[in-house]
2 protein chains.
Amino acid sequence: MNNEIRKNRMTDAIVTVLQADNTPLANQEVVIEQTRHKFLFGTAAFDLVPFTNGEYEGEKNDQAQNRAEKLLALCNAATLPFYWARFEPERGKPMTAQVQNAAKWCLDHHLVTKGHPLCWHTLTADWLLSMSNAEILQAQTERIQRDVSDFRGLIDMWDVINEAVIMPIFDKYDNGLTRLCREMGRINTIKAMFETTRAENPSAILLLNDFDVSPAYDILVEGCLEAGIKIDVIGIQSHMHQGYWGVEKTLEVLDHFSRFNLPIHFTETTLISGDLMPPEIVDLNDYQVEDWPTTPEGEERQAQEAIQHYTTLFSHPLVEGITWWDMSDGHWLNAPAGLLRKDGSSKPAYDELLKLVKGEWWTAPTKLITDSSGKIQFTGFPGDYELSYEGKQQPFSLTKKDATAIEVRL
Amino acid sequence: MNNEIRKNRMTDAIVTVLQADNTPLANQEVVIEQTRHKFLFGTAAFDLVPFTNGEYEGEKNDQAQNRAEKLLALCNAATLPFYWARFEPERGKPMTAQVQNAAKWCLDHHLVTKGHPLCWHTLTADWLLSMSNAEILQAQTERIQRDVSDFRGLIDMWDVINEAVIMPIFDKYDNGLTRLCREMGRINTIKAMFETTRAENPSAILLLNDFDVSPAYDILVEGCLEAGIKIDVIGIQSHMHQGYWGVEKTLEVLDHFSRFNLPIHFTETTLISGDLMPPEIVDLNDYQVEDWPTTPEGEERQAQEAIQHYTTLFSHPLVEGITWWDMSDGHWLNAPAGLLRKDGSSKPAYDELLKLVKGEWWTAPTKLITDSSGKIQFTGFPGDYELSYEGKQQPFSLTKKDATAIEVRL
């Protein structure tokens with residue numbers, strides 16, 4: 001394990017084990033075991049919507065079940081879809097119930113949920129086009145109010161606004177949000193969306209999210225903060241269809257954004273296991289191919305790059321989450337971007353990430369002997385743990401802050 | 001003349017000509033003639049410092065005299081140098097008197113003066129390197145206070161801060177301003193510099209200036225405005241050593257920056273009359289050549305591009321000034337960027353710009369007959385004019401605002 005991970009991620013813990021009568025459990029062997037990471041290892045989990053709503057049948061359902069199990073083995077967080085054009089294709093008929101089912105399934109399986117996105121020019125509702133900007137703002141505001149309220153408790157983390165850097169100058173096609181953002185300006189648009197979301201769910205974690213990692217985004221974050229917008233987490237996409245950034249660029253990006261001293265999520269991380277997208281493509285959406293196969297060499301490369309990328313990000317003290325995009329091949333752009341192949345089998349990248357997330361960066365069941373005052377000491381990663389003694393289990397949490405004052409009562 | 005220039009630049013004027021006894025000068029022939037543009041046609045005029053301080057001798061002085069005359073024939077504005085490393089190479093010994101002489105010469109010759117720049121990471125004082133950031137901020141603040149105060153009345157327009165987009169991430173070499181901006185953030189650095197400048201000369205026109213025309217600069221301007229910084233003019237550089245932007249890109253840049261509804265100056269415009277700089281050069285300063293000759297084909301291209309660029313900019317209602325960079329060949333980067341060759345002869349670009357600025361966009365002496373109430377009507381470009389009648393001259397000004405209520409008393 002590298003020194004940065006040890007320094008920035010791990011915590012020296014002291015746990016006092018007490019018996020039912022509150023006396024220390026002295027000089028006894030106990031077993032501790034990690035059950036969950038605090039760090040968010042997430043994935044885009046759009047597939048969970050049809051799966052949890054019973055839309056798959058027979059073999060397709062078995063495959064979806066297999067994908068869900070593999071997701072749960074690796075991940076503790078899931079991003080659920082709120083693309084307005086798909087969420088509410090006909091005004092007034094949102095697919096709230098279906099996504100609620102997926103969110104409930106996630107919570108039942110101990111996944112942290114995030115909604116993506118509440119406001120974006122791409123895949124925004126077509127029916128905004130007939131509106132004035134005032135009406136668009138009202139519809140967008142009401143959409144946020146409705147959805148954030150409908151999902152409070154089910155989803156308490158939101159990509160509030162997506163890709164605001166390009167939003168007002170997006171020129172591929174006319175859409176309501178580009179019109180609105182052009183008139184309001186980026187900062188005032190962001191402010192309106194954040195304030196609306198915050199009002200509906202004051203304790204939610206709110207992200208600004210962008211694929212732009214140039215100074216434009218850096219400066220936008222600064223402008224938002226100076227304008228008093230409370231951004232909880234800076235969201236950075238890293239869709240690397242055209243090749244892995246490499247450690248140097250990743251560190252440079254982290255350096256530029258870490259000066260705000262805010263948590264950072266890598267919200268959309270793509271590394272593909274096939275031929276790379278040609279470098280001359282500017283908008284990834286322009287690359288439309290019938291078939292984009294995963295290859296053995298590509299899978300090996302993807303695995304090595306995934307190890308490197310996750311290690312670089314996990315080493316940085318401000319990064320608090322990484323979301324893979326997508327879990328399986330054949331989704332966005334038909335890319336071989338999955339950790340699983342189309343047939344549901346694991347690629348090397350899945351296996352390697354699992355070795356890190358549930359291996360090198362994980363506390364497997366470990367025997368420890370309490371001292372005369374019932375204390376055990378260990379070094380672990382923040383998250384949830386379980387302590388076992390003579391067939392009894394008790395959970396406890398390890399946080400950086402209170403790591404030396406943990407008490408477990410049997 | 002194109003329609004946009006007619007619509008956005010020209011004004012229908014009504015001038016009432018009164019005799020000394022305040023009665024209208026009815027039914028008489030008068031001559032009107034433009035003497036100065038309100039629109040700023042400027043140039044980098046660093047050469048005026050040695051020239052006006054008597055540092056040239058003999059033939060060199062004659063050449064400088066020739067350059068100065070050609071500058072005055074074409075331009076009504078001059079940018080004077082305040083690069084800190086050169087202005088105050090030894091702390092406490094600024095070259096204030098020399099630049100004051102140049103500024104006085106400019107005012108004597110009816111040139112609007114601008115100082116460039118008060119704060120920039122490139123060519124900042126080396127002696128900042130031994131300081132703490134608090135000391136750098138204090139030295140930078142005192143430098144602005146001293147220079148803006150010393151030049152009040154001589155220079156009332158400033159490029160306050162130069163290239164803030166790259167300032168905190170500039171990585172060519174260590175310097176005091178990059179250190180400071182990295183700690184303070186771009187917006188707070190800009191705020192400090194603007195407020196300091198404003199306090200010393202409240203009526204001065206203050207510019208933010210950048211070569212970056214990407215969304216990064218656009219977003220920085222928005223962030224500054226949202227943070228309450230009063231930017232009077234948005235300064236945009238257009239150093240086209242690697243080739244003319246073309247009309248489409250120029251209009252796109254204007255479109256992005258015009259949403260702030262602030263005046264725009266094209267502060268540093270370069271079109272070269274020789275071979276183009278290779279496109280792979282990212283920082284223009286990296287291109288170091290012994291000899292970079294002007295060529296006949298290059299001069300013809302430069303002339304056509306200059307016509308096009310000036311016409312595009314002059315057509316836009318928010319653009320209020322264009323500064324050429326440099327007046328003569330052989331200055332920055334040793335580039336054939338001049339309107340004049342090294343021997344002082346005019347290139348075609350000079351002649352073509354002169355035809356526009358003092359020809360097509362200019363009111364030459366024009367005979368008009370006053371009506372029975374002493375009124376004449378004409379359509380002209382805002383600026384200063386002279387009305388002549390029977391050997392007597394009277395000046396008047398044409399502004400967009402009061403164009404139909406001008407009175408001239410003989």
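Just so we're on the same page: letters track the sequence lines, and every chain starts at 1.
- Note: B/Trp325 and B/His241 fail the aromatic proximity criterion, with ring centroids not under 6.0 Å apart.
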(message) Pair B/Trp158, B/Phe82 - check side chain to side chain contact (heavy atoms under 4.5 Å, CB included), show working.
(response) CA-CA 10 Å; B/Trp158 292 98; B/Phe82 283 80; 3.6 Å; yes
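- Within the 4.5 angstrom heavy-atom criterion, atoms from both the backbone and the side chain of B/Arg186 approach chain A.
- Residue with the most contacts toward chain A among B/Lys191, B/Arg182, B/Glu183, B/Arg259: B/Arg182 (heavy-atom pairs, distance under 4.5 Å).
- Counting heavy-atom pairs under 4.5 Å between each of A/Val165, A/Leu225, A/Ile166, A/Ile169 and chain B puts A/Ile169 at the top.
- In this structure, A/His116 has its ring center under 6.0 Å from that of A/Tyr83.
- With a 6.0 Å radius and a threshold of 12 heavy atoms from other residues, nucleotides or ligands, B/Gln145 has its CD atom above the threshold.
- Put simply, of B/Ala227, B/Pro168, B/Ala164, B/Pro215, the one with the most heavy-atom pairs under 4.5 Å next to chain A is B/Pro215.
- Between the side chain of A/Glu222 and the backbone N or O of B/Ile187, at least one donor-acceptor pair lies under 3.5 Å.
- For chain B, the nearby parts of A/Asp255 are the backbone and the side chain; heavy atoms of each come within less than 4.5 Å.
- The backbone N or O of A/Ile281 lies less than 3.5 Å from a partner atom in the side chain of A/Gln242, making a donor-acceptor pair.
- Taking B/Gly228, B/Gly223, B/Ala216 one by one and counting their heavy-atom pairs under 4.5 Å with chain A, the maximum is reached by B/Ala216.
- Note: B/Ile219 leads B/Asp212, B/Asn188, B/Leu220, B/Ile219 in heavy-atom pairs under 4.5 Å with chain A.
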